[in-house]
Student: 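So that we are looking at the same thing, I have put the structure below in structure tokens.
Start at 1 and go down the list; that is how both ligands and their atoms are numbered.
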Amino acid sequence: MEKLDIKSMTQSEIADLMKEMGQPAFRAGQIFKWLHTGVESFDEMSNLSKDLRARLNDKCYIASVTIVRRLESQIDGTVKYLYRLYDGETIESVLMKYNHGYTVCISTQVGCRMGCKFCASGIGGLVRHLTASEMLAQLTAAQKDNGIRVSNVVMMGMGEPLDNFDNSARFLKLVSDENGMNIGLRHISLSTSGVVSGIYKLAELNLPITLSISLHAPTDEIRSKTMPVNNKWNIDMLLRACRDYQKVTTRRISFEYAMINGVNDSTECALTLAKKLRGIMCHVNLIPANPVVETAFKKSDNNIIERFKATLEKCGITATVRRTLGADINASCGQLRRSETRKEDV
Ligand code: SAH
Ligand code: SF4
């Protein structure tokens, strides 16, 4: 019999399980709390009887991740992890320290099927989805390893969260549960390459998270060259979904824009972008593109990035240039796993 992934279960699902096992309902609250402190075995649940712990262990497993590599930036203290999952697959997470607390960037899939040309995560395609519990385990592992509490989460690591919709939505529900990690949804961002069907499904949930759209280009011609998803849902369809999403949630939307030298960084691009975003309450994050060994893209020069930002602002669109964290440890997602894979290939 396949064991149950108990860390992906809500408290009320655990309550149903308790009923099935002939246990009082209050056990569900005890178990749920333990799971989200990051325990890795039922034996750590000291307020449960030995017998119940053994029965739980027969029926269920507690998802966890193991640290394979840990790289700490000497510049800003950013920590990048390569974690191993139960089946030997590996994923990346990054822990960043800001003035307001600790943010973890989590992966939502092993690999990714979206195939963006500038991204290291998509090179080998999609291997599998992560469970909600494996997303949570990335947070508890970082907390334990550093003796800290995580206050913010960005779903911006490897994988496309809206291509793994149910598990991502379940993660959001669990991580914000007040008996669990209790991280407010307002402290969570979900980044998508533009899976329009998923944006509409997310709008139905009407969560106060921040939706972040990886736009990266102002025209279909440019976007389709680097992001195959644009052939399915073009920029007009994507921005219509953003407008509809905003009508429901009233939340400001973030647009990510990786500045790639000579590809999308002209003043004309900035003007077209500003025009397209008109009427959307939004903020643009300009990201100096990270060089990936396997791709030929280079980042734009700093003065070009500043000029782009100034053009957007003149058009009334707020923009920030993202600070590069962990520049000395290759902190952008997908790259560490790739470099490990390359080593294994040799
Ligand atoms: N799949 C989701 C979330 C993970 S990718 C998405 O695409 O939005 C997280 C962010 O990193 C995205 O904005 C993505 O476009 C960006 N990214 C990927 N490779 C990059 C690179 N080489 N340089 C800069 N940003 C990159
Ligand atoms: Fe996937 Fe995002 Fe990378 Fe595109 S940028 S391949 S969607 S992880």
Student: Check for me whether the distance between the ring centres of Phe308 and Tyr257 falls short of 6.0 Å.
Tutor: yes
Student: Other residues, nucleotides and ligands only: do more than 12 of their heavy atoms fall within 6.0 Å of NZ on Lys144?
Tutor: yes
Student: So if I count the atoms of ligand 2 from 1 in the order they appear, which ones are less than 4.0 Å from some heavy atom of Ser193?
Tutor: 7 (S)
Student: Can you list the ligand 2 atoms lying under 4.0 Å from a non-hydrogen atom of Cys119?
Tutor: 3 (Fe), 5 (S), 6 (S), 8 (S)
Student: Check whether any heavy atom of Gly159 sits under 4.0 Å from an atom of ligand 2.
Tutor: yes
Student: Examine all N, O or S atoms of Cys112, backbone included, and report whether one is under 2.8 Å from atom 1 (Fe) of ligand 2.
Tutor: yes
Student: Mind checking whether Gly159 has an N or O less than 3.5 Å away from an N or O of ligand 1?
Tutor: yes
Student: At a non-hydrogen distance cut-off of under 4.0 Å, which region of Thr192 contacts ligand 1 (side chain, backbone, both, or neither)?
Tutor: backbone
Student: Check each of Cys119, Cys112, Gly157 against atom 5 (S) of ligand 1 and report the one with the nearest heavy atom.
Tutor: Gly157
Student: Report yes if the distance between the aromatic ring centroids of His216 and Phe255 is under 6.0 Å, otherwise no.
Tutor: no
Student: Confirm or rule out an N/O/S atom of Cys116, from backbone or side chain, lying less than 2.8 Å from atom 3 (Fe) of ligand 2.
Tutor: no
Student: Under 4.0 Å, heavy-atom basis, I'd like to know which part of His216 is in contact with ligand 1: side chain, backbone, both or neither.
Tutor: side chain
Student: Is the closest N or O pair between Glu256 and ligand 1 shorter than 3.5 Å?
Tutor: no
Student: Between Phe32 and His36, how do the two ring planes meet: parallel, tilted or perpendicular, split at 30° and 60°?
Tutor: tilted
Student: Is the Lys NZ or Arg CZ of Lys201 less than 6.0 Å from the centre of Phe165's six-membered ring, within 45° of the axis?
Tutor: yes
Student: Report the member of Pro288, Gly122, Ser191 with the shortest heavy-atom distance to atom 3 (C) of ligand 1.
Tutor: Ser191
Student: If you measure only the distance, is there a donor-acceptor pair under 3.5 Å linking the side chains of Glu160 and Ser193?
Tutor: yes
